[in-house]
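None of these values were measured; they are calculated from a predicted model. So you know, we letter chains A, B, ... as the sequences are listed, proteins then strands, and number each from 1. The basis for the numbers below is simple: all heavy atoms, side chains too, and nothing from hydrogens, waters or symmetry mates.
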Protein chains: 2
Amino acid sequence: MPIELKPLQALTLLKIVALAEVRDEMPDLTWRQMAILLTIYLEPPPHTVRGLAAKLDVTKPVITRALDTMGAMELVSRHRDEKDRRNVLIKRTVNGALYVERLGDLVIAKSRELPI
Amino acid sequence: MPIELKPLQALTLLKIVALAEVRDEMPDLTWRQMAILLTIYLEPPPHTVRGLAAKLDVTKPVITRALDTMGAMELVSRHRDEKDRRNVLIKRTVNGALYVERLGDLVIAKSRELPI
DNA sequence: CTTGAATGATACGGAACCGAAACGATATGG
DNA sequence: CCATATCGTTTCGGTTCCGTATCATTCAAG
C-alpha cells in the first residue's frame, strides 16, 4: 500500500513538524537525535552504538552523546549486552514510545486542518 | 483532497528526511532554519523578520541569525522595504527554490523504495 | 522639529554540539 | 597467558546556536 503523496504535500508535512519543534509543542530534538530515535522505534532491534553510527554514517561519539541527551529525557535506555559485554544495547522506553506516538499523531492532526 | 496518511507513515517520512539530513544528503539546516525556509517558500509573501518571529513564536534575533546563515547559503535574500524602510522583506532565491524542490522530491523518491 | 514607537541588527555570556584523537573494558586467536 | 582487535566512552579545542539586553535607523504624531 504505497502512499500517494506529492512533493508539496511532503513539504507541508515537514513544515508542520518543523513548526511544532520550533514552537516547543514538542521537546526539542536535533536532526541527529530524531534520526536515532526514529531508527530505534521504527526498525527491529537490536540496536547498538556501532550499528546506529554505521546506519546514520556518523562517528560513534555522535551516537554516544545523543544517547546521553535522550537518555536523560528517558526517551531511550542503555543496557550492557550480557552475551558480549563490549556491546551496549539501546532499548525503547515508555516515554520514548509515547513521544514517538505523539509525534505521529501531531502530524496527522495538523495535516487534517490544512487544505493540503 | 486531504491526504490519507497514518501515523506510522508520517513517522516513516520524517525518518527519511532526518536520515537524509544526518547523512549529508542535504545541506544541514536546523529545525528553526527549516521552519523559516518552508514558511517562506510555502506561504504567500511578504515575509518580514517580525512576521516570521511571530509565526514561529521565537525572538527576532533568532530570525535574524537564521537569515544570516541561510543568506550565506543563498537560500533566501533580504531587501529593505522601500515603502517602509524599517522593514526587511525576505525573498526567495533560485538556490532556495531548488533546495526546497529537491527536498520534496527526495521524500517522494525515498518513500517509493519503502514498503510503507 | 521633536518625541515616542517600531523594526531589524548587534553584543555578550552561556550552553550544546561537533570531529578527531585517545582511553578503558572486553573479547578473540595463537 | 599474551598480543591484538573491537566496542563504547571520554577528552580536547573549536564552532554554532541560544536568550537577553541594547543599539541604530526609520516612521509617525504632535
Between CZ of A/R86 and C1' of D/dT4 the distance, given in whole Å, is 11 Å
It should be established whether B/R78 places a side-chain nitrogen or oxygen under 4.0 Å from OP1 or OP2 of nucleotide C/dA9. yes
B/H47 NE2 to C/dT7 C1', in whole Å, measures 18 Å
>> Check this for me: does any side-chain nitrogen of one of B/R78 and B/D68 sit under 4.0 Å from a carboxylate oxygen of the other?
In response: yes
Rounded to whole Å, CG of A/L67 lies from P of C/dC17 at a distance of 12 Å
Original post:
Contact class for B/Q33 vs. all strands (heavy atom < 4.0 Å): base, sugar-phosphate, or nothing?
Top reply: sugar-phosphate
Open item on the list: Quick check on D/dC17: is either OP1 or OP2 less than 4.0 Å from any side-chain nitrogen or oxygen of B/T69?
Closed with: yes
A/D28 atom CG is separated from C/dC17 atom C1', nearest whole Å, by 13 Å
Whichever of B/R50 and B/R65 has the more 5' nearest nucleotide on DNA chain C, that residue is B/R50
Per atom distances to the B/P61 side chain, the nearest of C/dT10, D/dT9, D/dG19 is C/dT10
Answer yes or no: does a side-chain N or O of A/T64 lie under 4.0 Å from OP1 or OP2 of D/dG8? no
- When you measure from the side chain of B/Q9 to the backbone N and O of B/K6, does any donor-acceptor pair fall under 3.5 Å? yes
- Query: Charged N to carboxylate O under 4.0 angstrom, A/E43 versus B/K15?
  - Reply: yes
Polar side-chain atom of B/R92 near backbone of B/V76 as donor-acceptor pair, under 3.5 Å:
no
Using only atom types and a distance under 3.5 Å, with no angle test, would you say the side chain of B/W31 pairs donor to acceptor with the backbone of A/L29? yes
Between CG of A/D81 and C1' of C/dA27 the distance, given in whole Å, is 12 Å
If the cut-off is 4.0 Å, is B/N87 near the phosphate of C/dA6, judged by side-chain N/O to OP1 or OP2? no
Rounded to whole Å, NZ of A/K83 lies from C1' of D/dG8 at a distance of 20 Å
To the nearest angstrom, the CZ-C1' distance between A/R85 and D/dG8 comes to 13 Å
Walking DNA chain C from its 5' end, the first of B/T48 and A/R32 to be reached, judged by nearest nucleotide, is B/T48
Rounded to whole Å, the CG-C1' distance (A/L89 to D/dT9) equals 16 Å
